[in-house]
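For ligands, and for the atoms within them, numbers begin at 1 and follow the listed sequence.
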Amino acid sequence: MIIWVLANDPSLMIQPNPAISTPQTYNNPDNSVNLGNPPDRLALPVSIGILASGSGSNLEAIANTLNNATVAGLNPDTAKLSVVVYNNPNAYVQQRAQKLSIPAVLCNHREYDSREQLDAAIIEVFQQYQVDLVVMAGWMRIVTDKLINAYPRRILNIHPSLLPSFPGAKAIVQALAYGVKITGCTVHIAIAEVDAGPILQQAAVPVLPNDTLETLHQRIQVQEHIIYPQAIADYIKLLSS
Ligand code: GAR
């Protein structure tokens with residue numbers, strides 16, 4: 001309803017309005033997320049394993065929020081960033097991890113014969129670091145049942161669209177091409193289907209008339225950095241209570 005009103009207000013389409021740069025957040029941490037059988041209670045601090053392919057700005061936002069305890073429920077008593085697994089040798093996330101003193105392990109997908117073999121290697125690393133919860137922060141590989149089944153309902157993902165619109169690797173390009181007036185980002189529990197699964201949080205971002213891939217992505221990322229730490233905090237609370 002809120003989105004409909006924003007999308008149909010012509011004055012808001014011409015110039016940015018502070019009211020619509022505030023994220024419309026649909027916080028859904030507990031009762032309406034179908035978690036299947038009650039999950040085993042996680043002990044605190046929850047050990048988080050990050051999967052990342054790119055620049056790692058989401059990693060940094062999560063780490064800063066956690067270290068500075070700026071979101072209720074996410075702090076060194078409740079969570080620890082144990083390891084970052086990255087798949088691209090040149091990914092800037094490796095340098096961010098180093099700066100944040102988080103171990104980073106390269107699992108280069110080109111060195112494995114199948115997606116399952118890559119996932120098996122990732123699981124091995126996560127077991128070594130006793131990971132309880134997997135956070136995909138810009139992970140651009142398709143995950144298989146092997147990883148999903150090793151961490152059932154324990155894998156979160158962020159995607160730069162309002163799912164179920166525009167799943168896949170070209171979400172922002174497709175949103176621009178389609179001409180949507182509102183897009184955004186989504187945090188969800190990962191299942192064995194690309195960019196699908198129970199939604200935990202979303203933030204709406206208006207598409208402005210002169211937006212390019214870069215400008216729109218930048219504004220979406222501002223919201224990603226807000227909703228991902230919040231969603232992780234809420235999910236940890238749910239899984240540990
Ligand atoms: C983020 O915008 C995230 O939503 C997107 O990759 C970017 C990673 O940025 N993920 C996907 O497209 C997953 N389908 P970062 O490396 O700066 O965190």
Q.
If the contact criterion is a heavy-atom separation under 4.0 Å, does Met136 count as touching ligand 1?
A. no

Q.
Give the atom numbers and elements of ligand 1 that come within less than 4.0 Å of a heavy atom of Asp195.
A. 14 (N)

Q: Evaluate the side-chain proximity of Val125 to Cys107: yes if any heavy-atom separation is below 4.5 Å, no if none is.
A: yes

Q. Nearest protein heavy atom to atom 16 (O) of ligand 1, by residue and atom, and its distance?
A. Gly56 N, 2.7 Å

Q) Would Ile220 and Leu176 show up in the same hydrophobic cluster when neighbours are defined by side-chain heavy atoms closer than 4.5 Å? A) yes

Q.
Assess, by modelled atom type and distance only, whether the side chains of Thr144 and Asp119 contain a donor and an acceptor separated by less than 3.5 Å.
A. yes

Q | Nearest option to atom 4 (O) of ligand 1, as decided by whichever heavy atom of Glu224, His217, Gln218 sits closest | A | Glu224

Q. For His159, is at least one N or O under 3.5 Å away from an N or O on ligand 1?
A. yes

Q.
Tell me whether Asp211 is salt-bridged to Arg219, with the criterion being a basic N under 4.0 Å from an acidic carboxylate O.
A. yes

Q.
Under a 4.0 angstrom heavy-atom cut-off, which atoms of ligand 1 come close to Gly54?
A. 16 (O)

**Q.** Shortest protein heavy-atom distance from atom 5 (C) of ligand 1, along with the residue and atom involved
**A.** Pro160 CD, 3.8 Å

**Q.** Close side-chain approach of Asn75 and Leu66, heavy atoms under 4.5 Å
**A.** no

Q) In the protein, which heavy atom is nearest to atom 9 (O) of ligand 1, and how far is it? A) Gln221 NE2, 3.0 Å

Q: For Ser55, take its heavy atoms, then give the atoms of ligand 1 lying under 4.0 Å from any of them.
A: 16 (O), 17 (O)

Q. Do Ser82 and Ser47 have side-chain N/O donor and acceptor atoms under 3.5 Å apart?
A. yes

Q) Between Lys146 and Glu116, does at least one N-O distance fall below 4.0 Å, as a salt bridge requires? A) no

Q. Between Val194 and ligand 1, which part of the residue brings a heavy atom under 4.0 Å of the ligand: side chain, backbone, both or neither?
A. neither

Q.
Return the closest protein heavy atom for atom 8 (C) of ligand 1 as residue, atom name and distance.
A. Gly138 CA, 3.6 Å

Q. Going by heavy atoms in the side chains, are Ile122 and Trp139 under 4.5 Å from each other?
A. yes

Q: Starting from atom 10 (N) of ligand 1, locate the nearest protein heavy atom and write down its residue, its atom name and how far away it is, to 0.1 Å.
A: Ile158 O, 3.6 Å

(Q) Any heavy atom of Met140 closer to ligand 1 than 4.0 angstrom? (A) yes

(Q) Among all the protein's non-hydrogen atoms, which is closest to atom 17 (O) of ligand 1, and how far away is it? (A) Ser57 OG, 2.6 Å

Q.
Side chains of Ile155 and Ile148, heavy atoms from C-beta outward: is any pair under 4.5 Å?
A. yes

